[in-house]
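Quick notes on the structure that follows.
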Amino acid sequence: MATKILVAVKQVTALDEDFEIRADGRDVDADFFLRDLNEWDDFSLEEAVKIKEAGGEVEVVVVTVGPEEADESLRKCLAKGADRAIRIWDEAMEGSDSQAIARVLAAAVQQQNPDLVFAGVQSSDHSFASTGIALAGLLNWPHAAVVNQFEFSPGATQAVIRRELEGGVLQMMSIDLPAVLSIQLGINTPRYASLRTIKQAAAKPIEQVGLSDLGLSATDVGEAGSASRVRRMYIPEKGRAEMIEGSLAEQAAKLAAIIKEFKGASA
Amino acid sequence: MARDPKHDILFEPIQIGPKTLRNRFYQVPHCIGAGSDRPGFQAAHRSVKAEGGWAGINTEYCSIHPESDDTHRLSARLWDDGDVHNLRAMCDEVHRYGALAGVELWYGGAHSPNMESRSTPRGPSQYASEFETMTYCKEMDLNDIKQVQGYYVEAALRARDAGFDIVYVYGAHSYLPLQFLSPFYNKRTDHYGGSLENRARFWLETLEQVGRAVGKDCAIATRFAVDSLYGTSGIEAEVDGVKFAKLADPLVDVWDIDVGDIAEWGEDAGPSRFYLQGHQVPWTKFIKQVVKKPVLGVGRFTDPEKMVEIVTKGYADIIGAARPSIADPFLPKKIEEGRYDDIRVCIGCNVCISRWEIGGPPMICTQNATAGEEFRRGWHPEKFKKKGSQDSVLVIGAGPSGGECSRVLMERGYTVHLYDTAAKIGGHINELALLPGLGEWGYHRDYRETQITKLAKKNKECQVALGQKPMTATDALAYGADRIVIATGSSWNTDGTNCLSHDPIPGADASRDDQLTPEQVILGKKKIGKRVVIVNADTYFMAPSIAEKLAAAGHEVTLVTGVHLANYMHFTLEYPNMMRRLHELHVNVLEHEFCSKIEPGRMQAYNIWGDGSKRTYRGPGKPPRDENQSHHWIEFDSLILVTGRHSHDSLHRELHAKTGEWEKNGVKAVYLIGDAEAPRLIADATFSGHRLAREIEEANPQLPLPYKREVAKWGVAHVAGTSAALEYKV
């Protein structure tokens with residue numbers, strides 16, 4: 001039987017040089033977003049594709065939770081060697097935290113029944129580093145975080161992994177399958193897609209899955225299904241620096257004046 | 001983005017006589033190879049800078065009379081109405097963008113060889129020029145002085161009629177007014193020689209007469225080299241420099257100051273190899289302290305922080321620039337719009353200057369491939385025609401040509417995949433920038449790296465794949481690109497093949513431990529022994545750079561050179577200090593010597609002129625000259641081969657061997673650019689990539705489109721109303 005690897009990916013947002021906060025103050029205005037595949041996901045996809053290319057019957061399926069524009073990132077994964085792509089979305093999923101996303105992914109995992117699930121250690125935009133592990137918890141599967149080396153033969157019931165710990169310590173461990181792993185940057189050198197595979201990927205279908213397809217309801221996702229909510233997003237006030245020039249006496253006088261001004265005393 | 005408020009001071013207008021400069025950015029007079037004979041080139045190159053935000057734009061030096069004729073080099077001229085007509089085009093175009101147009105009125109004295117006009121140059125005393133050593137001037141009598149001053153006045157009136165706003169009396173670079181001022185030239189004993197007041201008299205009178213003639217309509221400028229850098233033999237900034245500035249201040253509207261002379265004018269237009277931004281300030285700063293009129297000065301200023309410092313510290317009021325304005329005609333606009341990382345920073349290589357020094361070819365720029373191409377090819381430095389097809393392009397090689405080609409294709413909206421084995425964009429610039437003094441050449445790479453990264457972010461279909469395995473012809477065909485550009489560069493010969501013999505040198509082999517190519521020296525992976533011999537057949541910077549690097553690191557360096565060592569560095573003005581550097585590092589240069597064979601630990605040298613001066617026909621199979629008997633052995637621990645370069649064109653050849661497979665792979669065309677086509681200057685490699693990107697929709701983009709030529713047309717007189725017919729005066 002073929003080994004199936006599900007790679008959970010995210011289309012992240014980066015900010016343009018100038019940007020504005022949304023009117024409700026809870027996120028950046030989407031007009032200023034530059035979207036791209038999460039950097040960590042490039043590495044987890046590459047790791048899955050490498051296993052496939054090493055031989056044996058392996059299917060690599062990428063899955064994301066996101067609106068239509070996330071197709072662009074899925075196509076990038078298809079161009080780099082994923083066999084299939086699934087995009088899960090329902091407007092009710094807007095505002096989901098990492099736990100709610102994990103709930104959606106868990107439902108998809110149960111349908112797809114893979115042997116391995118790869119997730120990035122974290123996403124570059126929100127940096128919670130929790131979706132992969134929350135997913136393992138919901139599935140009640142073995143899991144390992146921050147994996148930077150992976151050895152596995154398709155069909156085996158175990159994999160050997162290496163993890164990065166604090167202080168430069170490495171940990172080698174074996175893990176029973178099925179398992180969820182969160183993959184660290186640098187585990188491999190992600191490939192670039194060629195123009196040919198990009199063109200081929202553009203013609204491939206992307207499976208679209210909705211809430212009811214997964215047996216979920218609107219209360220399982222979005223803010224209703226989340227354990228946390230964003231209250232406010234803002235740009236902190238910048239500090240000011242001023243070079244005080246002149247003779248020592250002049251510098252001292254200037255400094256005293258500034259201190260007085262900040263204290264609110266009269267000069 | 002808006003500009004940083006701390007740069008606001010650079011955008012304050014300033015009054016110069018009857019005119020106002022809209023900001024503090026000023027293109028000082030500099031040569032381009034246009035003069036008055038290529039008015040389209042002149043008008044387009046200058047006006048694109050006006051569009052880019054410069055407030056004042058000048059011609060190059062502009063001769064006032066046939067008696068000051070710099071042929072073989074190319075100046076502008078205001079000799080007659082034909083010149084007025086042609087230069088008016090520049091004024092009109094510059095005015096369209098709200099800038100002032102200036103002209104630098106020039107009389108060269110003994111420095112102008114008058115090879116076209118065959119006139120006799122006049123000077124304060126008689127001497128042979130230290131620049132044009134075969135040219136002597138006639139010592140002026142008082143009548144001569146009046147006559148030459150009259151030439152200035154007549155040329156100033158023509159300048160005004162052409163539409164110029166700023167009229168210079170040019171006294172920098174040791175031209176006539178400074179020849180009177182400097183005791184180095186002026187040996188007179190009458191009231192035009194001797195005391196400072198006497199030596200200043202010619203310049204002051206000329207300023208007064210020109211001011212009287214056109215001062216109501218035009219700002220009067222003077223360019224003054226405030227220190228000849230000869231010590232007491234010439235002008236010293238704090239002595240005659242400030243004294244003259246005080247005397248002349250009432251007669252000028254704006255001061256344009258620099259340092260040095262003409263014979264070594266690299267001390268003014270300092271190459272980055274030896275001089276940093278603002279290198280003249282220790283001399284020029286004294287002038288602003290004694291004059292009331294605005295002061296402008298140059299110093300290869302590209303950094304707005306440094307420019308602000310120049311103004312706020314009171315060194316100058318206006319930022320003069322020649323080279324930075326060539327590398328980026330839109331420098332002021334980019335600062336104004338806060339687009340700091342879009343600035344194409346001058347690398348200070350002086351290849352622009354080299355063309356004037358060679359004697360007239362159009363100026364080129366290493367950074368800005370559009371410099372000089374504005375009129376004749378219709379290339380705008382910042383604007384591009386939208387793409388002409390949906391074709392995708394694979395560019396293999398991210399060096400100067402591949403990087404530039406990709407950048408321009410991306411600007412045009414094409415989907416480009418740029419591919420390289422190196423981990424960084426830049427190709428061989430990444431190596432060159434590690435040579436002594438060449439760090440700033442890395443700006444060429446930095447500009448392309450920044451722009452390509454930005455453009456690839458904007459168009460996600462573009463991709464920059466670095467650190468990749470070498471691409472084979474099969475890979476390239478299968479890649480899925482409609483068009484493939486090969487920009488795989490070149491490298492130094494490992495077998496000694498050179499321009500003198502067109503063959504390898506017996507025994508040359510850089511795969512050996514004791515022989516190296518320049519790249520191997522730079523990369524530093526091979527051990528280099530104490531005694532180094534460099535075998536040179538290249539006339540630019542590589543041999544002296546390697547010699548400098550190794551001698552400075554403690555090696556004993558002998559440089560055996562079969563060609564004029566560093567000859568092109570005369571043209572880039574790097575030669576004098578390069579020679580001083582080799583001298584102070586005790587590099588032993590063996591001129592007129594080349595290498596006949598190499599054995600372990602020793603190389604055989606011979607004098608290239610050792611085959612006798614007599615040429616005789618001796619029958620087939622027998623050389624017409626004697627056997628060269630000058631051979632001798634030189635021992636080495638390491639030998640460096642700076643003999644020649646060769647293209648990396650194997651991928652291109654392989655692809656052309658598979659033309660039958662192009663169609664089924666969807667490949668429409670394969671092009672070859674840059675050093676991979678033929679090794680060349682970085683400027684020319686950059687140009688070749690730029691050109692292909694501009695012309696990629698043409699029928700055969702591998703070959704350049706014709707450009708608009710500006711040449712005299714038979715039957716049309718230069719001066720309207722005069723005859724263009726062949727007429728003998730008999």
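Within every chain, numbering begins at 1; the chains are lettered A, B, ... in the order of the sequence lines, protein sequences first and strands thereafter.
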Cut-off 4.5 Å, heavy atoms of chain B, and the answer for Ala193(A) is both
In short, Tyr192(A) meets Ala465(B) closest at the heavy-atom pair CD1-CB, 3.2 Å
If one checks every heavy atom of Asp475(B) against chain A at 4.5 Å, the contacting part turns out to be neither
Rounded to the nearest 0.5 angstrom, the CD1-OG1 distance for Ile198(A) and Thr415(B) is 8.5 Å
> Does Phe128(A) CZ have over 12 foreign heavy atoms under 6.0 Å away?
Replying inline: no
- Task: Give a yes or no on whether Glu91(A) atom CD has more than 12 heavy-atom contacts from other residues, nucleotides or ligands under 6.0 Å away.
- Result: no
- Message: Does Leu248(A) have more than 12 heavy atoms from other residues, nucleotides or ligands lying within 6.0 Å of its CG?
- Response: no
Honestly, the part of Glu72(A) sitting under 4.5 Å from a heavy atom of chain B is side chain
| said: Could you check whether atom CZ of Arg26(A) has more than 12 heavy atoms from other residues, nucleotides or ligands sitting under 6.0 Å from it? | reply: yes
Whatever's closer than 4.5 Å to a heavy atom in chain A on Lys469(B) counts as neither
Heaviest contributor of heavy-atom pairs below 4.5 Å to chain A, chosen from Ala478(B), Gly666(B), Gly467(B), is Ala478(B)
d(Lys460(B) NZ, Asp36(A) CG) to nearest 0.5 Å is 5.5 Å
Just wondering, more than 12 heavy atoms not from Lys385(B) lying within 6.0 Å of its NZ?
no
Under 6.0 Å from the NZ atom of Lys199(A), do we count more than 12 heavy atoms belonging to anything else shown? yes
For Arg196(A) and Leu477(B) the tightest heavy-atom approach is NH2-O, 3.3 Å
Are there more than 12 heavy atoms of other residues, nucleotides or ligands under 6.0 Å from atom CD of Glu461(B)?
no
Here the gap from Leu195(A) atom CG to Gln463(B) atom CD, rounded to the nearest 0.5 Å, amounts to 7.5 Å
